[in-house]
Amino acid sequence: MKELVGIAEQVAAKLIARRQTIAVAESSAGGLISASLLAVPGASAYYLGGAVVYTRDARRVLMDISDEGMKGFRSSSEPYARLLAEQMRTRFNCDWGLSETGAAGPTGNRYGDAAGHSCMAVAGPASEVMTLETGDNDRFGNMQVFAATALKLLLRKLQG
């Protein structure tokens, strides 16, 4: 967790200096991205909110993305990660949206992705989507790597 907070401190410094805000949607990171950002004193200056979008019901209720709205998308994919990040940015009217979706393990998901698979996206003044494959089935280890990778992706965009 210390590594995550260290990255979050760098993100926080950039967001505060720019007077920018962020909202987060995460799935297999289980809230670690938000927890890391919130562990930094002064988080209320930049962190507007977050959601752990772990199920279909959560997607519908928390993200207002209907089953019809998912036509052409599948969870744990780059297009879905982009959709989540953009949806958070729009719904919170903030500068940045950050998302993560994947399969932490110890087994893969129902879409055929192996444990250690995660897609993440940043939506904002600079946007990017990426896929990570850890090749590991350690659930909590993957959750930490997913959160760290998403925060580093955001930091790269902020340094951009």
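Just so it is clear, the structure is predicted and the values come from calculations on it, not from any experiment. Values below: every heavy atom of this structure, side chains too, minus hydrogens, waters and symmetry copies.
Note on Val122: it clusters hydrophobically with Leu37, by side-chain heavy-atom contacts below 4.5 Å among ILVMFWY residues. Cluster annotation: Leu155 and Tyr46 are assigned to the same hydrophobic cluster (Ile/Leu/Val/Met/Phe/Trp/Tyr, side-chain heavy-atom contacts under 4.5 Å, transitive). By the rule that hydrophobic residues join a cluster once side-chain heavy atoms approach within less than 4.5 Å of another member, Ile33 and Leu62 end up as members of separate clusters. The same ILVMFWY cluster, assembled from side-chain heavy atoms under 4.5 Å apart, contains both Val24 and Ile16. By the criterion of side-chain heavy atoms lying less than 4.5 angstrom apart, applied directly or through intervening Ile, Leu, Val, Met, Phe, Trp or Tyr residues, Met130 is grouped together with Val11 in one hydrophobic cluster.
With respect to Asp95 and Arg18, no salt bridge is recorded, no charged nitrogen being found less than 4.0 Å from a carboxylate O. Between Arg60 and Glu68, none of the side-chain N atoms (NZ, or NE/NH1/NH2) sits under 4.0 Å from a carboxylate O, so this pair counts as no salt bridge.
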Inset, instruction - Go through the steps for Leu154 and Trp96 under the test side chain to side chain contact (heavy atoms under 4.5 Å, CB included), then give the verdict. - result: CA-CA 9 Å; Leu154 174 61; Trp96 299 92; 4.0 Å; yes
Inset, instruction - Under the salt bridge (Lys or Arg N to Asp or Glu O under 4.0 Å) rule, what do Lys152 and Glu3 come out as? Steps first, then yes or no, please. - result: CA-CA 11 Å; Lys152 288 175 186 172; Glu3 178 203 2; 3.5 Å; yes
Inset, instruction - Show your working on side chain to side chain contact (heavy atoms under 4.5 Å, CB included) between Met1 and Ser36 and close with a plain yes or no. - result: CA-CA 8 Å; Met1 193 68 191; Ser36 301; 3.8 Å; yes
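In this structure, Ile22 and Leu48 have side chains that are not in contact, with every pair of non-hydrogen atoms separated by 4.5 Å or more. Proximity of His117 to Ser76: side-chain heavy atoms (C-beta onward) are separated by under 4.5 Å at one or more points. By the 4.5 Å heavy-atom criterion applied to side chains, Thr131 and Glu78 are counted as neighbours. Counting heavy atoms from C-beta on, the side chains of Leu15 and Leu158 come closer than 4.5 Å. Met70 has its side chain within reach of Arg59: a pair of non-hydrogen atoms, C-beta onward, lies under 4.5 Å apart. The shortest side-chain heavy-atom distance between Thr149 and Gln144 does not fall under the 4.5 Å cut-off. Annotation: side chain of Leu83 is in contact with side chain of Ile65 (closest heavy-atom distance under 4.5 Å). Side-chain contact between Glu128 and Arg156 is present, with heavy atoms from C-beta onward closer than 4.5 Å.
For Tyr80 against Phe73, the heavy-atom pair with the smallest separation is N-CD2, 3.9 Å. Ala123 approaches Ser127 most closely through the heavy-atom pair CA-OG, 3.5 Å. Taking each heavy atom of Gly105 and Ala115 in turn, the nearest pair found is CA-CB, 3.6 Å. Closest heavy-atom contact between Met88 and Ala51: CE-N, 4.1 Å. Here the closest non-hydrogen pair linking Phe146 and Ala103 is CZ-O, 3.7 Å.
Alongside Val52, the hydrophobic cluster contains Tyr54 (criterion: ILVMFWY side chains under 4.5 Å). Cluster partners of Val129: none. The rule joins Ile, Leu, Val, Met, Phe, Trp and Tyr whenever side-chain heavy atoms lie under 4.5 Å apart, and it links nothing here.
A side-chain donor-acceptor contact under 3.5 Å links Tyr47 and Ser34.
With hydrogens and angles ignored, the 3.5 Å screen pairs a side-chain donor or acceptor of Asn142 with a backbone N or O of Asp136. Without hydrogens or angle criteria, Thr90 side chain to Gln87 main chain gives no donor-acceptor distance under 3.5 Å. Formation of a donor-acceptor pair under 3.5 Å by the Arg139 side chain with backbone atoms of Ala104 is not found in this model. No donor-acceptor pair under 3.5 Å is formed between the side chain of Thr101 and the backbone N or O of Cys119. Of the possible donor and acceptor atoms, none in the side chain of Ser99 sits under 3.5 Å from a partner among the backbone N and O of Leu84.
Applying the side chain to side chain donor-acceptor pair (under 3.5 Å) criterion to Asn93, with sequence neighbours excluded, gives no partner residue.
In this structure, CD on Glu100 lies 9.5 Å from CG on Leu32, to the nearest 0.5 angstrom. Note that CZ of Arg91 and CE of Met63 are 6.5 Å apart. Values are rounded to the nearest 0.5 Å.
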